[in-house]
**Q** 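Quick one: the structure is below, questions incoming.
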Amino acid sequence: MMVLMPFTLAEPAAFPVLERIVFAGLAIASGALFWRRFGPILHRILQSRKDADFRLAPFGRRMWEFVSQVLCQSKVIRQRPLPGLAHAFVFWGFCAFALVTLNHCAVGLGVGFLSPDGFFGRFYFYFAAVFALACALGILGLFIRRFFVRPRWLGAKLSWESGFIAFLIFFLMVTYLAAFFVPGGSPAIAALWWLHTLTLLVFLPIIPHTKHLHLVLSPATVFLSRGSFSRIPPLAGDEDFGLVAGADLTRLVSLQAYSCVECGRCTEHCPAANTGKTLNPKEIILGLRSYLNEFGPASAEPLLGKHNPPIAPFQCTSCGSCEFQCPVGIEHLPILVGLRRGAVNTGAWEDDHGAKLFLTLERGSNALGLQTSERDKFIQKQQFPIFDGTQEYCLWLGCMGGYDPKGREIVADFASVMRYLGTSFGVLHKEKCTGDPVRRLGNDLLFQQLAEANLEALTQNKVKKIVTICPHCVRTIQEDWKEYGTPPEVEHHSEFMARHLSQLPKPSQQESIAYHDPCYLGRYRNVYAEPRAVVEHAGQLVEAERHGERSFCCGAGGGLAFLGEETGERVSHVRARELVATGAKTIGTACPFCNSMFRDALAASGGNAPQLLDIAQLTARSLPQQDAPSAS
Amino acid sequence: MKIVVAIKQVPERDAPVRIDAAGRWIEEADLQWALNESDAYALEEALQLKEQHGGEVIVLSAGPERVGSTIREALAKGADRAIHVDCDDLGQRDALAVARLLSAAIQPDSPDLVLTGLQSDDLGYGQTGVILAELLGLPHASLILHVEKSGSGITVKRELEEGWFQNIELPLPAALTIQSGGAKLRYATLMGIKRAKTKEIRRLTAAELGIAAQASITLDRIALPQKQKTTQILTGTAQETAAALVEKLKFEVRAL
């Protein structure tokens with residue numbers, strides 16, 4: 001036996017009664033200390049308001065997310081491969097260790113069930129040893145990263161608790177592995193057992209008040225999450241105005257607030273936090289946690305105040321990179337939009353630009369505040385047919401497409417692509433803003449009015465399919481309007497053009513085009529390939545450093561295009577620099593808001609700015625000359 | 001302070017106005033309606049006075065059923081209750097006749113202050129407010145941008161021409177017509193709309209106010225204004241044309 005296996009796990013054979021009693025006493029004390037801290041947290045989560053729209057179905061989706069994100073650590077690894085793997089090893093090590101630890105405690109009470117002499121026991125101890133080694137290396141790596149590499153999104157302050165916990169985990173593994181090297185019968189066996197046990201018992205009560213609470217909560221948070229990206233829950237009843245005070249926090253929000261592991265992935269990618277704004281998505285979540293700790297979930301104390309600055313939620317571009325990255329299932333957008341709703345629906349938010357936008361849309365039809373007759377003139381000039389139910393598509397112009405000079409050029413070019421393909425389309429005689437900016441800014445009254453007016457117009461005109469150049473319109477029509485009716489099928493012009501590429505002429509020259517992913521097309525709609533196919537058809541695709549799912553916002557979303565001057569650096573300038581740095585001759589966009597932001601940013605940068613074209617314009621360039629009227 | 005704000009519902013600013021078949025009034029069926037702009041400022045002024053000094057804001061509007069939506073909007077923004085003078089013959093009443101309706105509705109409340117917009121965006125008489133003050137026997141001031149309480153009366157800021165302002169004091173009770181742009185308007189909120197549901201809207205008819213349904217004005221024919229586009233070429237040296245252009249932008253187009 002000893003020849004075949006030079007190492008074996010030495011377990012203490014039996015403990016004297018006194019030691020058993022001491023162990024049992026310590027274990028109970030450790031458990032009690034854990035519960036003293038964890039109990040109130042659980043209570044605060046369960047005391048929070050129920051999520052009115054919560055459904056356990058679809059169960060399959062939840063199971064899949066649990067398996068993928070928790071068990072396989074997919075999000076943790078994908079966003080940060082090296083530290084992600086290190087974390088995964090620690091996690092898997094803990095999982096493999098569960099049985100060992102259970103047995104370890106059982107041994108202390110004299111009822112150990114895994115024996116190194118049995119086949120399964122021997123196998124499992126070696127199996128766990130492999131994970132213990134991986135876990136020890138993983139935690140060592142994470143320790144070096146946190147205390148020596150120190151990426152800025154982990155925060156400037158070093159936490160001694162983090163270091164202590166890393167040490168405890170490392171020591172747990174070391175004391176387990178060391179037992180393999182101790183000859184049977186040595187007094188060191190009992191000493192190692194006690195060291196391992198004491199480490200465990202010290203670790204347990206530290207969990208609830210540190211970020212290590214995610215060990216306990218985040219599997220539940222991931223499993224229970226709302227699921228669809230940036231899902232804004234409907235308001236429940238006559239007294240729900242969004243997140244105003246503690247009493248408005250729902251169980252999901254409170255659970256998420258306590259689940260934050262402070263990894264800072266949200267901060268790392270946040271356009272606001274990276275350009276000198278007050279908003280830091282991680283601090284918003286931690287602010288809610290501090291609020292719950294101080295005031296509890298039944299309080300009437302405003303949520304925006306002591307623990308969260310009132311300005312912060314209104315600096316969010318709703319780009320969603322925070323929610324997209326979060327490995328513990330926190331849904332930042334419903335929270336940020338919820339805080340805005342609380343402030344706007346009660347009239348607490350006072351902002352000149354915001355009030356102007358709201359008043360403009362209360363009275364008028366478009367967010368740009370122009371006369372509706374301007375849109376009529378544009379339609380006449382372009383000779384767009386009016387939708388009468390006979391055409392296949394309703395071409396939705398949107399505020400930018402109907403009123404903005406550059407947006408009009410994009411629509412005109414897309415219309416010429418449709419004409420070239422022989423696809424029938426018509427525009428609505430009357431069209432109002434879809435309500436995207438006011439939806440994101442949290443004005444539910446105005447959003448409802450706009451959504452209902454538009455839904456009525458679409459139903460009257462028997463519209464079945466909408467195509468539009470604006471990803472914000474696509475998202476709002478398809479997802480947000482559902483609260484007030486059944487919207488028609490809607491698609492973005494990139495999807496339409498990608499389907500018809502084989503019928504569209506290709507240019508002879510291959511110029512380089514850097515494509516910028518609009519947040520509302522990428523993260524919100526998961527459309528990355530179609531616009532790229534269109535760009536590759538028109539030239540040579542160049543990728544910016546940040547692209548696809550991790551693309552950086554242009555700064556216009558979340559209603560911010562209408563809120564005037566930013567503090568700090570402009571988001572659009574940062575992104576425009578990245579796109580220029582690709583060296584591409586042309587910047588390709590797929591959203592009129594991105595286009596408008598970059599137009600200003602490129603003009604401000606001066607010099608040899610690349611040209612800026614929407615994918616519709618890139619496509620229309622190669623069409624044979626038509627007698628179509630020019631835009632604007 | 002008890003404040004009555006008289007408001008009017010007018011066609012939305014860029015609504016396409018069409019003349020009806022008889023040629024005597026506009027086609028109302030398809031129109032979108034909104035609160036008259038300067039009335040919105042009168043309401044805002046009243047709400048701010050209430051917020052500072054307490055009291056009650058009562059909105060008053062005359063018109064058919066559809067006026068209800070504008071009344072509810074005013075209640076949502078913070079007015080406490082409303083009086084709706086139900087009548088669908090406003091087109092046959094001139095400013096004096098309308099002011100008679102309003103004054104009869106106001107009198108039982110004997111408010112400290114009566115506010116109304118300077119003029120309506122649709123008919124633009126600019127008379128109803130001042131006639132109303134006369135009928136109520138109240139001192140009045142027009143073109144008011146701002147109202148402040150001072151002692152037992154008020155101090156108001158009046159807009160004169162060419163950027164001049166006049167500050168005058170009035171005793172209370174008084175009536176004022178409010179100019180647009182003096183304050184920042186508040187936006188309508190969900191909470192406001194929900195609270196407005198429980199607020200009182202009292203409906204009165206002309207007959208109940210003791211006023212006969214008798215036409216005071218007869219419209220013979222109405223017409224849309226003719227659009228005219230003229231192009232002028234300015235000649236002379238660059239300096240002369242620039243000076244002439246500035247002149248025109250200032251005094252003809254009023255864009256500067």
Side-chain angles (χ1 to χ4, degrees), chain A residues 234-242 244 248 340-366 368-377 403 429-430 432 438-439 441-450 453 456-457 460 559 562, chain B residues 7-18 29-41 43-44 47-48 50-51 57 69-79 117 121-122 180-199 224-225 227 229:
Chain A
L235 296 175
D238 273 356
E239 288 303 314
D240 188 359
F241 301 109
V244 181
D248 299 306
R340 290 174 165 196
R341 287 171 127 182
V344 171
N345 285 335
T346 57
W349 186 52
E350 286 180 24
D351 179 278
D352 288 354
H353 292 286
K356 193 176 161 210
L357 174 71
F358 294 159
L359 291 165
T360 299
L361 283 171
E362 276 174 29
R363 285 162 176 264
S365 59
N366 62 91
L368 274 58
L370 294 169
Q371 298 249 327
T372 309
S373 55
E374 295 296 316
R375 182 177 176 274
D376 300 336
K377 282 186 213 157
Y403 298 91
H429 193 60
K430 267 192 205 168
K432 279 184 173 240
V438 297
R439 170 66 156 176
L441 281 170
N443 190 328
D444 284 281
L445 173 65
L446 197 45
F447 174 67
Q448 178 175 359
Q449 286 167 356
L450 293 168
E456 196 189 318
Q460 271 175 7
F562 303 99
Chain B
I7 60 174
K8 183 178 186 183
Q9 189 184 52
V10 296
E12 226 171 52
R13 193 181 311 168
D14 57 352
V17 176
R18 280 187 295 273
D30 239 8
L31 279 182
Q32 305 241 327
W33 302 86
L35 172 59
N36 182 44
E37 190 182 16
S38 56
D39 293 345
Y41 284 93
L43 175 64
E44 181 61 44
L47 293 174
Q48 290 190 10
K50 185 188 118 179
E51 277 159 9
V57 173
S69 66
T70 297
I71 288 178
R72 275 190 296 278
E73 185 188 323
L75 291 174
K77 294 210 172 175
D121 296 341
D122 53 357
S180 294
K184 278 171 192 155
L185 298 180
R186 64 195 65 198
Y187 55 89
T189 67
L190 188 66
M191 187 190 250
I193 288 285
K194 297 235 159 123
R195 300 271 187 275
K197 279 185 193 163
T198 57
K199 291 177 179 172
L224 291 174
K227 273 187 194 168
K229 194 168 151 186

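Hydrogens, waters and symmetry mates play no part in the numbers below; they use all other heavy atoms, side chains included. As the structure is a computational prediction, the values presented were derived from the model and not from experiment.
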**Q** What distance separates L441(A) CG from Y187(B) OH, expressed to the nearest 0.5 Å?
**A** 9.5 Å
**Q** Out of curiosity, R363(A) CZ to L185(B) CG, how far, rounded to the nearest 0.5 Å?
**A** 7.5 Å
**Q** Atom OG1 of T189(B) and atom CG of N345(A): how far apart are they, to the nearest 0.5 Å?
**A** 7.0 Å
**Q** Drop me the distance from L190(B)'s CG to N443(A)'s CG, to the nearest 0.5 angstrom.
**A** 8.0 Å
**Q** Any salt bridge between K77(B) and E362(A), counting N to O under 4.0 Å?
**A** yes
**Q** Measure distances from A76(B) to the heavy atoms of chain A and classify the residue's part below 4.5 Å as side chain, backbone, both or neither.
**A** neither
**Q** Among residues 368-376 of chain A, which residues come closer than 4.5 Å to chain B, judged by heavy atom distances?
**A** L370(A), Q371(A), T372(A)
**Q** Among pairs that include at least one residue of residues 341-354 of chain A, which meet salt bridge (charged side-chain N to carboxylate O under 4.0 Å, His left out), considering only residues two or more places apart or in two chains?
**A** R341(A)-D444(A), D352(A)-K184(B)
**Q** Can you tell me which of Q32(B), K197(B), E73(B), K194(B) forms the most heavy-atom pairs within a distance under 4.5 Å of chain A?
**A** K194(B)
**Q** Tell me, out of T346(A), D238(A), L446(A), L357(A), who's got the most heavy-atom pairs with chain B below 4.5 Å.
**A** D238(A)
**Q** Main chain of A355(A), side chain of R186(B): is a donor-acceptor contact present, judged purely on distance under 3.5 Å?
**A** no
**Q** Check ring-ring contact (aromatic ring centres under 6.0 Å, His included) between Y41(B) and all other residues, then give those that pass, not counting sequence neighbours.
**A** none
**Q** Can you list everything that forms a side-chain contact (heavy atoms from CB on, under 4.5 Å) with P11(B)? Sequence neighbours excluded, please.
**A** I26(B), L31(B), W33(B), D122(B)
**Q** Salt bridge (Lys or Arg N to Asp or Glu O under 4.0 Å), that's the test. Do E239(A) and R195(B) meet it? Break it down for me.
**A** CA-CA 10 Å; E239(A) 288 303 314; R195(B) 300 271 187 275; 3.4 Å; yes
